Q: 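I'd like to ask you about the structure that follows.
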Amino acid sequence: RNALHAISMQEHVLQEESVELLHLVSEPLRAELHFELYSPCLDDHGFFSCLITEYPEIMSKVCHQALKITEVSAGDPIFHAGEKPDKPKLYVITQGEFKYVTMQGAMTRAFAGHFISEAVLWTTWTHVGFLV
């Protein structure tokens, strides 16, 4: 399932690593490209949207150093209840649908534009549900 999805995504989505000319572009220009690519995903988040407006230089560095696109297949687990992330990650859903299920069994659906697991950025965090 995952291999078929990966092949399908390669046919539809151009991966940054496969663009040979990007390796020849200066670091500041790549940072600018990452800002243009990733900042629209953060526009719906009040805090990050404000930072983009007020401090675009800082958010350019954040987009360049801390953001990346991760492709997942339907049913792939993103994180599990009880997991303590060693590398904090905020998930921004840009397409598709995910299910978040708490340890008590309550389920919530998450769609494009939703921000998942933000608290992990600001606190010591243990996930209390799982995201699929």
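Here the structure is a predicted model, which is why all the values come from computation and not from measurement.
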Q: What do the steps show when you test Trp122 against Phe47 for ring pair (Phe, Tyr, Trp, His ring centres under 6.0 Å), and what is the final call?
A: CA-CA 13 Å; Trp122 320 117; Phe47 178 67; 5.7 Å; yes
Q: For the residue pair Ala112 and Thr94, what are the closest heavy atoms and their distance?
A: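 Taking every non-hydrogen atom into account, CB-O, 3.5 Å.
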Q: If you measure from CZ on Phe35 to CD on Glu57, what distance do you get to the nearest 0.5 Å?
A: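 With rounding to 0.5 Å, CZ (Phe35) is 9.0 Å from CD (Glu57).
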Q: Are Phe98 and Val101 connected, step by step, through hydrophobic side chains (Ile, Leu, Val, Met, Phe, Trp, Tyr) whose heavy atoms are closer than 4.5 Å?
A: no
Q: Would you say the side chains of Glu27 and His64 form a donor-acceptor pair under 3.5 Å?
A: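 Distance-only check passes for Glu27 and His64.
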Q: Do the side chain of Glu54 and the main chain of Leu51 share a donor and acceptor less than 3.5 angstrom apart?
A: no
Q: Hey, could you give me the OG/CD distance between Ser117 and Glu83, rounded to the nearest 0.5 Å?
A: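 So the gap between those two atoms works out to 9.0 Å.
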Q: Does Ser60 reach the main-chain N or O of Pro56 with its side chain, forming a donor-acceptor pair under 3.5 Å?
A: no
Q: Under a 4.5 Å cut-off applied to non-hydrogen side-chain atoms, are Phe79 and Tyr91 in contact?
A: yes
Q: I need the Ile58 CD1 to Ile52 CD1 distance, nearest 0.5 Å.
A: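 Rounded to the nearest 0.5 Å, the CD1-CD1 separation comes out at 12.0 Å.
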Q: Using the rule that Ile, Leu, Val, Met, Phe, Trp and Tyr join whenever any side-chain heavy atoms are under 4.5 Å apart, tell me whether Met103 and Met107 fall into a single cluster.
A: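 No, Met103 does not connect to Met107 through the hydrophobic network.
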Q: Rounded at 0.5 Å granularity, tell me how far OH in Tyr38 sits from CG in Leu67.
A: 7.0 Å
Q: For residues Val120 and Pro85, report the shortest heavy-atom separation together with the two atoms involved.
A: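 Taking Val120 first and Pro85 second, the nearest heavy atoms are CG2-CG, 3.4 Å.
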Q: Where is the tightest heavy-atom contact between Ser39 and Cys63, given as atom of each residue plus distance?
A: N-SG, 4.0 Å
Q: Decide yes or no on side-chain contact (heavy atoms from CB on, under 4.5 Å) for Ile116 and Leu131, but give the supporting numbers first.
A: CA-CA 9 Å; Ile116 309 293; Leu131 184 66; 3.8 Å; yes
Q: Show your working on side-chain contact (heavy atoms from CB on, under 4.5 Å) between Leu42 and Val92 and close with a plain yes or no.
A: CA-CA 8 Å; Leu42 301 174; Val92 181; 4.2 Å; yes
Q: Do Ile78 and Val72 have side chains that get closer than 4.5 Å, going by heavy atoms?
A: yes
Q: Does any part of the side chain of Phe115, heavy atoms only, come nearer than 4.5 Å to the side chain of Ile93, both counted from C-beta?
A: no
Q: To the nearest 0.5 Å, how far apart are CD in Glu97 and CZ in Arg109?
A: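 Result: 4.5 Å between the selected atoms.
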Q: Do Phe111 and Tyr100 sit in one hydrophobic cluster, given that two such residues count as connected whenever their side-chain heavy atoms are within less than 4.5 Å of each other, even indirectly?
A: no
Q: His45 and Glu118: side-chain donor and acceptor closer than 3.5 Å?
A: yes
Q: Which distance, rounded to the nearest 0.5 Å, do you find between the CE of Met59 and the OG1 of Thr53?
A: 10.0 Å
